[in-house]
Amino acid sequence: MKLRTNNIQKLGKTVYDVLIVGGGINGAVSAAALSGKGAKVALIEQRDFAGFTSQQSSNLAWGGIKYLESHDYSLVRGLCKSRNHLIENYPSRVKEIRFYSTVETGFRLHPLFLWLGAWVYWLFGRAFTRIPRWLSKRTVNVEEPAVNTEKFYGGFEYSDAYLHDNDSRFVFQFIRSAMDRGCIAANYVESLGAQRNEGLWVTRARDVISGEEFKIFSRVLINAAGPFVDDHNNLTGEKTEHRHVFSKGIHLIVPQITQSHRILTFFADDGRLFFVIPMGVRTCIGTTDSRVDSPFTKVTEEDRQFVLDNINKRLNLTKPMTKADIIAERCGVRPLVVKTAGNGTDERDWLQMSRKHEIDFNQANTHISIFGGKLTDCINVGNEVSEIVSGMGIQMLFPGYKWYGEPHPSVREEYIHQAKLMDLDSYTSADSIESLSSRLWRRYDQQAFELLADIREDPRQAEVLIKGTDYIRCEIKLAKHQEMVTKLDDFLRRRSKIALVVRHEDIRKAEGLTEACQILFGEQSKEKFDEYFQGLSE
Ligand SMILES: Cc1cc2nc3c(=O)[nH]c(=O)nc-3n(C[C@H](O)[C@H](O)[C@H](O)COP(=O)(O)OP(=O)(O)OC[C@H]3O[C@@H](n4cnc5c(N)ncnc54)[C@H](O)[C@@H]3O)c2cc1C
């Protein structure tokens, strides 16, 4: 908590070039890009980093094959390019994965037409991924016996990419990289609104944990509040060309359905693409798409039933999946961009509406609002925001700095070399599905060297601390010092994905959780433990 307390103190003490409101993907990449290029940046997040929409996605970096149907060709080309760029720059965090798609008789489009679409998609992606493959009923029966082929009409396989850890960890890694480059970021600090005074933005901020209020001064204000962008613009009196409408989507996490490490793809009863996504030793299924008016949503009985019915219809399971199989749930709204003057649906069918981002800015007021977007397009958002900020007169000392990407391959080679010399993988837990060396590199890159040093000094640091998970003692120590874990939920749900893959009752009983709380919170450990378990049972 020292990092957070110190950062909050620093927030009120100087004039920043840029203050970013919101620590989801759009705020996180803006912070990483601007601080890497040399601007003096602050970021405040009302909840935890990635604590709202950016923890509820399908974890995919994808070109949006479905937008071909709505003829959004330039969007698909752009997203494919962004996806390729992520795969190239994050070889351990963003990986190519095969989408195994089957179509049932009676579907509105012929499978050969879809097969042609898969080739167009591959070409739009500049042939960067493996080529599409036609699937016969026989092939599907042999390769994916979990797929029900009773009404089989045709099938094909193509590639996109997925975030190996979860979305919120991916977002946090940008926040961490921004902090490493001088950004002062704090979670659980809310903006109560901002006003301009003598050429500066004065933002009223509130520490949500202590209730204390203070002011932050900045030359530029970036509103990256996701579904709350319009609310925050109302607080500051900013008028924009765009605004948001919301589409709700849910996912259910269930025991592992297939070990093939492919994403099974179907068209659900509402005609939308529906995914069965590998999530370590679990499977994530979804999603839904329904228009809602409020960003605050919950999984309803109807949502659950829709997802379970679709799964049971399209898979051969030994027994139908029921609510009892649900380990965890995810639910969020997609902030979709529309013109402020329009009727809110862009006159297109809701399900066909594309999900591009728009950045509105007011040069005179040095104010920027980021609307919509996708995790997939995050590098473009960081670059576009940097250009706009630079055009507002903020001097970037290192304008050409490459602010994204994993460290140079030589750094990884040195890490792997050191890991081999100390036989790190011999510490891999028996339940783990990957080697300890690759897991630590993916999650911490440069910081993984510190973990190697900890383990060399004391081999107990390599022991799994929370039983039933992969997390070892020194990772929890690192999280305490470097990852601004303020509540237990920050660690269990976002820095790690324990709360997504282990049932709530099992987490409470997990051997080692008490010690983990002590490491993370010291004398507040009981309070934080109770806050988490009481909060979730309310
Ligand atoms: C079901 C679903 C599936 C999706 N699947 C994918 C996918 O597979 N791939 C993909 O690329 N995209 C996907 N998306 C889209 C993607 O998740 C979102 O576009 C993205 O996460 C939005 O990020 P954001 O930063 O704009 O918003 P958010 O993540 O919501 O961040 C905004 C932050 O601002 C904070 N905030 C708000 N008001 C204030 C204030 N006053 N003071 C301080 N902080 C404030 C909020 O707490 C919030 O954390 C999906 C979305 C959903 C809902």
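One-based numbering, in listed order, for ligands and for the atoms of each. All heavy atoms count here, side chains included; hydrogens, waters and symmetry mates do not.
Distances from atom 23 (O) of ligand 1 to the heavy atoms of Ala205, Gly24, Pro335, Ser54 show the closest one on Ser54.
Contact check for Val18 versus Val389: side-chain heavy atoms found under the 4.5 Å cut-off.
Taking the six-membered ring where the residue is Trp, Tyr73 and Phe124 present perpendicular rings, their angle passing 60° and hence far from 30°. Ring planes of Phe52 and Phe296: perpendicular class, angle over 60° (limits at 30 and 60°).
Interface atoms of ligand 1 facing Gly226, defined by a heavy-atom separation under 4.0 Å, are 26 (O), 27 (O), 32 (C). Against a heavy-atom cut-off of under 4.0 Å, Gly373 is close to the following atoms of ligand 1: 19 (O). Residue-ligand proximity, Ser57 to ligand 1, at heavy-atom distances under 4.0 Å covers atoms 2 (C), 3 (C), 4 (C), 5 (N), 6 (C), 13 (C), 14 (N), 17 (O), 50 (C). Remark: ligand 1 atoms within the under-4.0 Å shell around heavy atoms of Pro227 are 30 (O). Under a 4.0 Å criterion applied to the non-hydrogen atoms of Phe52, ligand 1 contributes the atoms 30 (O), 48 (C), 49 (O). For ligand 1, the atoms lying closer than 4.0 Å to a non-hydrogen atom of Val189 are 43 (C). Listed by atom number, the atoms of ligand 1 under 4.0 Å from Phe228 heavy atoms are 37 (C), 38 (N). Within ligand 1, counting atoms from 1 as listed, the ones closer than 4.0 Å to a heavy atom of Gly332 are 53 (C).
The pair Asp167-Arg330 meets the salt-bridge criterion, since a charged nitrogen lies less than 4.0 angstrom from a carboxylate oxygen. Remark: Asp289 does not engage Lys248 in a salt bridge, criterion side-chain N to carboxylate O under 4.0 Å. The residues Arg262 and Glu144 are annotated as salt-bridged, a charged nitrogen and a carboxylate oxygen being separated by less than 4.0 angstrom. A salt bridge between Arg93 and Asp165 is absent, with no side-chain N of the basic residue lying under 4.0 Å from a carboxylate O of the acidic one. Under the 4.0 Å criterion applied to side-chain N and carboxylate O atoms, Glu190 and Arg47 are not assigned as salt-bridge partners.
The salt bridge (Lys or Arg N to Asp or Glu O under 4.0 Å) pairs that include a residue from residues 11-31 are Asp17-Arg219, where partners are two or more places apart or lie in different chains.
Contacts with ligand 1 closer than 4.0 Å are made by no heavy atom of Ala50, backbone or side chain. Here Gln46 has heavy atoms under 4.0 Å from ligand 1 in both its backbone and its side chain. Of all the heavy atoms of Asp231, none lies under 4.0 Å from any atom of ligand 1, so neither backbone nor side chain is involved. Neither the backbone nor the side chain of Val171 comes within 4.0 Å of ligand 1, counting heavy atoms alone.
Evaluation of the ring pair (Phe, Tyr, Trp, His ring centres under 6.0 Å) rule for His164 yields Tyr162 as partners, not counting sequence neighbours.
Taking only nitrogen or oxygen atoms, main chain and side chain alike, His251 does not reach within less than 3.5 Å of ligand 1.
Ligand 1 does not have Phe49 within reach: every non-hydrogen atom of the residue lies 4.0 Å or more from it.
Of all the heavy atoms in Thr129 and Ser159, the pair that sits closest is CB-CB, 3.5 Å.
For atom 48 (C) of ligand 1, the closest heavy atom belonging to the protein is Glu45 OE1, 3.4 Å. Shortest contact from atom 9 (N) of ligand 1 to any protein heavy atom: Leu60 O, 2.7 Å.
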